[in-house]
Trainee: 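Please find one structure pasted underneath; my questions will follow.
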2 protein chains.
Amino acid sequence: MRMNSVALPLAALLAFQAAAQPAAAPAPARSSAEIVAAAPASAWARVPDDALLVMDLANGATVLIALAPDFAPAHVRNIRALAMARWWDGTSINRVQDNYVVQWGDATEKKPLPPTLKLPVAMAYERPLAGLDFRPMPYRDVFARQVGHVGTWPVAVEGGAAWLPHCYGMVGVGRNEAPDTGSGAELYAVIGQAPRHLDRNIAVVGRVVEGMEHLAALPRGTGALGFYEQPAQRIGVTRVRLAADLPAKERPAVEIMRAGTPDLDAWLTTRANRKDSFFIRPAGALDICNALPPARRVPAR
Amino acid sequence: MRMNSVALPLAALLAFQAAAQPAAAPAPARSSAEIVAAAPASAWARVPDDALLVMDLANGATVLIALAPDFAPAHVRNIRALAMARWWDGTSINRVQDNYVVQWGDATEKKPLPPTLKLPVAMAYERPLAGLDFRPMPYRDVFARQVGHVGTWPVAVEGGAAWLPHCYGMVGVGRNEAPDTGSGAELYAVIGQAPRHLDRNIAVVGRVVEGMEHLAALPRGTGALGFYEQPAQRIGVTRVRLAADLPAKERPAVEIMRAGTPDLDAWLTTRANRKDSFFIRPAGALDICNALPPARRVPAR
């Protein structure tokens with residue numbers, strides 16, 4: 001079985017599948033990369049243009065963030081309003097704390113917020129599980145009763161509530177001590193081991209789907225909490241737009257593999273049970289933070 | 001209770017403890033930083049000079065790595081021999097894969113290994129739990145039956161075996177497909193969400209105890225697996241020594257908080273139940289990869 005798991009070339013596997021498994025059975029012998037490459041268009045959900053944030057940095061990097069209105073509707077509404085008001089243009093990345101977060105916004109904390117924002121945003125860091133097509137993974141989690149996926153999102157579940165976990169690449173709303181102080185203007189992305197203790201204490205509003213490597217490789221700040229001590233160390237945020245607000249030909253098109261498809265099921269099973277020739281002992285388990293569904297630019301079809 | 005947890009200044013707390021809790025009770029009202037600052041010398045174990053690797057990079061950074069001979073004795077023997085032979089001097093960091101690992105060694109893969117190495121190293125990616133003073137944490141783990149600490153190390157346990165988990169900052173031995181091909185010359189440090197699927201598939205030999213922020217902020221390689229595509233992108237490794245092999249006054253002195261002390265117990269409890277005024281809902285749980293015992297330079301006493 002170990003032998004079979006690595007010996008078949010992809011073409012042979014696909015032929016075998018077509019002949020013997022026309023239905024939805026996962027194919028654990030394929031690598032996760034092969035599963036992604038072979039997944040049909042129906043396995044992917046395009047990120048809506050009004051839920052894709054395009055952030056250009058002064059160092060030339062672009063970061064794409066998918067927003068999660070189903071999990072943080074009020075915060076996402078404000079984030080859209082901030083982007084439409086071009087509020088982030090000319091702000092900066094001010095904090096890079098190793099093994100924790102990269103945070104951006106107005107370094108002066110004095111820039112007036114646009115009048116289109118609805119403030120304060122009531123604390124709403126989880127939502128009812130009811131109404132969601134939750135697909136649990138059969139693996140333990142340290143912090144929640146169950147973890148799995150809803151649509152294109154990793155989700156943690158407990159006691160009838162569902163929330164987006166603080167995984168590497170997830171984006172949240174910075175706030176002060178009072179729970180309703182997160183306007184959406186101050187955002188952060190997780191760049192280290194998942195700080196899941198923040199779950200249900202902060203609004204998670206999305207996920208970096210392209211450009212994480214640019215955020216995670218920024219020099220760490222040497223001030224308290226990783227803030228840059230010198231203004232010159234900050235990285236300029238030159239422009240933040242919703243994709244919907246960009247000219248059509250400049251709009252990036254991103255898609256994410258959907259839960260409930262045989263492709264994502266196969267991808268998850270393969271990630272939990274790596275059987276290529278390198279592995280002596282497949283884990284038989286998968287952390288939700290190693291199970292963010294594959295995201296990519298929409299290919300020509 | 002929420003109020004009490006943040007209102008008492010440290011001095012008052014310590015006085016209260018001295019009066020009312022002379023024994024070993026954890027003090028959940030203190031922050032983890034306060035627990036570290038107040039821990040007595042007896043709470044700390046100094047990393048032995050022959051188990052501390054000092055790695056100087058061409059960009060001016062120094063990285064300190066504590067070695068774990070109790071968990072990977074044969075690999076640590078080879079790593080000591082490589083450092084004594086000055087084998088890494090003039091090698092480089094060749095691979096930086098986002099959310100995964102930074103890897104260093106001989107980019108040519110042709111540099112002869114010193115004759116003092118014992119090769120091949122038999123596969124030994126776990127050890128018997130028996131004989132270890134294992135202190136379990138009362139929280140779930142995704143990958144192992146139990147997790148906790150032995151001495152200064154995070155440890156995963158299942159079926160009578162114990163091993164070091166692949167957490168952010170842990171250091172492992174690169175190898176080829178055959179399990180006995182990891183000489184110790186090719187090392188990596190984890191820079192993202194814990195790739196715990198590597199547990200028991202690779203030798204974990206230590207932990208970066210200072211300088212992680214320099215490794216984790218390196219530009220990501222754009223080649224397959226994050227290898228740098230141009231030789232000029234590699235970061236030179238100018239010198240790697242055991243602290244024991246440095247002149248006494250150049251030797252860094254590092255200590256790590258020990259399991260089985262009231263201080264580490266309190267630190268773990270506090271990390272699992274954050275009650276400062278920011279937190280609405282303490283997690284009541286802690287991932288072993290967020291529970292690497294505090295490490296620091298030995299202070300003047």
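In the text below, chain A, chain B and the rest are named by the order of the sequence lines, each starting its count at 1.
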Trainee: Report the distance from atom CZ of A/Phe278 to atom CG of B/Asn176, rounding to the nearest 0.5 Å.
Mentor: 8.5 Å

Trainee: Which of these, A/Met212, A/His214, A/Glu213, sits in a side chain to side chain contact (heavy atoms under 4.5 Å, CB included) with B/Arg220?
Mentor: A/Glu213

Trainee: Verify side chain to side chain contact (heavy atoms under 4.5 Å, CB included) between A/Leu198 and B/Phe279, making sure each step is shown before the conclusion.
Mentor: CA-CA 8 Å; A/Leu198 297 175; B/Phe279 283 89; 4.0 Å; yes

Trainee: What part of A/Ile288 gets closer than 4.5 Å to chain B, counting heavy atoms only: side chain, backbone, both or neither?
Mentor: neither

Trainee: Quick one: of B/His197, B/Gln97, B/Arg271, who has the most non-hydrogen atom pairs under 4.5 Å with chain A?
Mentor: B/His197

Trainee: Using only non-hydrogen atoms and a strict under-4.5 angstrom cutoff, which residues of residues 98-105 of chain B touch chain A?
Mentor: B/Asp98, B/Asn99

Trainee: Please determine whether side chain to side chain contact (heavy atoms under 4.5 Å, CB included) holds for the pair A/Val142 and B/Asn290, giving the CA-CA distance in whole Å, both sets of side-chain angles, and the decisive distance to 0.1 Å.
Mentor: CA-CA 11 Å; A/Val142 180; B/Asn290 295 122; over 6 Å; no

Trainee: Please report the closest heavy-atom contact between B/Gln193 and A/Tyr168, naming both atoms and the distance.
Mentor: N-CD1, 4.1 Å

Trainee: When only pairs under 4.5 Å are counted, which of A/Ala178, A/Pro195, A/Ala144 shares the most heavy-atom pairs with chain B?
Mentor: A/Ala144

Trainee: Taking every heavy-atom pair that is under 4.5 Å apart, which of A/Ala283, A/Gly192, A/Ala194 has the most such pairs with chain B?
Mentor: A/Ala194

Trainee: With only heavy atoms counted, which part of B/Arg274 is less than 4.5 Å from chain A, the side chain, the backbone, both or neither?
Mentor: side chain

Trainee: With a 3.5 Å distance limit and no angle check, can you tell me whether A/Arg140 reaches the backbone of B/Asp141 through a side-chain donor-acceptor pair?
Mentor: yes

Trainee: Would you check, one step at a time, whether the test side chain to side chain contact (heavy atoms under 4.5 Å, CB included) holds for A/Phe143 with B/Leu286?
Mentor: CA-CA 8 Å; A/Phe143 296 89; B/Leu286 185 59; 5.6 Å; no

Trainee: With a cut-off of 3.5 Å and sequence neighbours excluded, list every side-chain donor-acceptor pair involving residues 221-230 of chain A.
Mentor:
unit_1, atom_1, unit_2, atom_2, d
A/Thr222, OG1, A/Glu229, OE1, 2.5
A/Tyr228, OH, A/Pro219, O, 2.6

